[in-house]
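On a predicted model such as this, the values are computed, not experimentally measured, just so you know.
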Amino acid sequence: MREDALLGLSGQAGGDGLHVDPRWDSPLVGIGAGFALPLGAGGELYGVVDVGYPTGGGVPAAAAPVDEATVAPLVHHLALALRGHRLHRDTLELRDYQARLVEHANALIVGIDRGWRITVCNRALLELTGFAREEIIGRDLRDLLPKDQSRRVTGVFSAALLGETRSAVDITLSTRGQGRVRTVWSIASVGGDGRGEPLVEAVVAIGQDQSKLHDLEEQVIRAERLATTGKLAAGVVHELNNPLTSITVYADFLLRKLETKPADATDLEKLRRIGGAAQRILRFSRELVQYARPAGNEVEVVNLNDVVRQALAFCEHLFDRGGVALAVDLDPELPAVHAVPGQLEQVVINLVTNAAHAVQDAGGAAGSIRVRSRAVDGGIVLDVEDSGPGVPPAEREHIFEPFFTTKPDGKGTGLGLPIVRNIIEQHQGSIVVDAAELGGARFSVQLPVAR
């Protein structure tokens with residue numbers, strides 16, 4: 001192309017095909033002759049190369065066809081370069097878009113190459129495991145698997161590297177913040193033509209965190225067990241009702257009879273405790289049947305200190321047998337509360353019994369239990385604390401759930417504290433557990449005062 005030729009570019013989006021108008025109208029000023037060549041490739045128009053010859057410039061119009069033949073191959077190569085650039089840009093955009101989809105997907109995603117090296121892991125997986133991306137990318141997947149599952153999971157991924165697809169693969173992951181977490185995965189190969197020996201390039205696994213579902217399943221199971229326990233308890237109550245009624249009636253009869261004659265005061269007290277213990281068993285069994293709504297006894301104006309003293313009398317054998325030192329600090333000016341006395345008595349007995357068991361299980365020197373009542377703004381508080389091992393912070397959120405117990409198998413049902421909390425909430429109160437000054441656990445019950 002001659003030096004005095006003018007070269008201009010203009011472009012617009014292409015359509016389904018490339019159509020060129022033979023008429024030439026130069027967009028340049030002072031041009032008398034010239035030609036235009038489309039920058040088109042693959043049915044796409046990327047622009048137009050406009051070549052014009054200025055009027056009176058000494059270049060004859062007959063030179064246009066010759067120059068056009070010279071410029072056309074260059075324009076063609078330029079069009080191909082523009083097409084390649086656009087395809088490269090679109091590819092990068094698509095890759096980035098797909099990477100964002102993987103990164104922000106509401107699923108756990110991990111990919112490995114044929115050498116078992118992890119090449120892809122998304123944010124959901126990193127957040128669940130607590131690892132940083134640089135701690136995972138490039139690592140051998142087999143090095144990150146829990147030892148107790150390494151053989152099974154390695155077999156599943158080995159099958160995927162041979163072209164097999166697996167679904168519903170249950171894998172328990174080790175995490176830094178949540179301990180072991182249950183997950184379920186679908187594992188598939190990438191590449192391979194499905195004929196003969198597949199040429200697998202990589203393996204991708206997509207999983208879901210099942211911990212919440214697992215917790216829900218556990219709650220359903222516990223609810224079912226609780227319902228079954230209620231049915232069994234109903235039968236137990238029916239079987240116990242008659243003999244316990246006989247015990248209370250005969251104890252009351254003997255007590256009245258002995259009170260009219262000279263009798264040992266100790267024997268009279270023992271007889272009163274027999275009758276009281278029988279009544280307590282009756283109340284406890286009935287409340288177990290109606291766990292969701294404690295027995296509807298009449299509410300009275302109650303002095304909590306009197307309830308505590310009565311409950312501690314029933315627990316004397318725990319202190320004597322275990323060599324437990326009991327300290328009682330009851331506020332003599334404690335305001336009264338509206339409550340069902342038998343239910344509050346059950347709360348105190350349960351908390352004190354748990355404290356005694358905790359102290360005894362700790363072993364070593366004789367333990368201590370302290371029971372204290374005190375007045376607070378608008379209410380009263382009963383603290384039961386011990387010198388046992390305490391309740392770890394991670395378990396404090398679950399200790400009031402049905403069937404959750406820290407005691408060894410056979411020594412606890414996990415129903416005591418849930419019943420206690422249920423009774424307290426029915427009395428418009430609250431119960432919390434924290435660390436005690438004695439070194440163990442402290443259960444604090446707060447109740448509103450009687451108005």
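Residues that satisfy the side-chain hydrogen bond (donor to acceptor under 3.5 Å, both in side chains) test with His88, not counting sequence neighbours, are absent from this structure. Scanning for side-chain contact (heavy atoms from CB on, under 4.5 Å) contacts around Ser430 gives Gln446, with sequence neighbours left out. In this view, Ala160 and Ile187, Val203 satisfy the side-chain contact (heavy atoms from CB on, under 4.5 Å) rule, not counting sequence neighbours. Applying the side-chain hydrogen bond (donor to acceptor under 3.5 Å, both in side chains) rule to Glu164 yields the partners Arg166; only residues at least two apart in sequence or on another chain are considered. With sequence neighbours excluded, the residues satisfying side-chain contact (heavy atoms from CB on, under 4.5 Å) with Leu80 are Ala41, His76. Taking the salt bridge (charged side-chain N to carboxylate O under 4.0 Å, His left out) definition, one finds that Asp331 meets it with nothing, sequence neighbours left out. In this structure, the salt bridge (charged side-chain N to carboxylate O under 4.0 Å, His left out) partners of Asp306, at least two apart in sequence or on a different chain, are Arg309. In this structure Arg176 satisfies the side-chain hydrogen bond (donor to acceptor under 3.5 Å, both in side chains) test together with Glu135, sequence neighbours excluded. When the salt bridge (charged side-chain N to carboxylate O under 4.0 Å, His left out) test is applied to Glu333, no partner is found at least two apart in sequence or on another chain. With sequence neighbours left out, Arg83 forms a salt bridge (charged side-chain N to carboxylate O under 4.0 Å, His left out) with no residue at all. Annotation: side-chain hydrogen bond (donor to acceptor under 3.5 Å, both in side chains) contacts of Asp148 (sequence neighbours excluded): Arg180.
Sparse packing is recorded around CZ of Arg256, with 12 or fewer heavy atoms of other residues, nucleotides or ligands lying under 6.0 Å away.
For Asp96 and Arg100, the salt-bridge test fails: no basic side-chain N is under 4.0 Å from an acidic carboxylate O.
Using cut-offs of 30° and 60° on the angle between ring planes, the pair Phe157 and Trp116 is tilted.
Within the structure, every pair that satisfies the side-chain hydrogen bond (donor to acceptor under 3.5 Å, both in side chains) test and touches residues 372-382, not counting sequence neighbours, is listed here: Asn305-Ser373, Arg372-Asp383, Arg374-Asp383.
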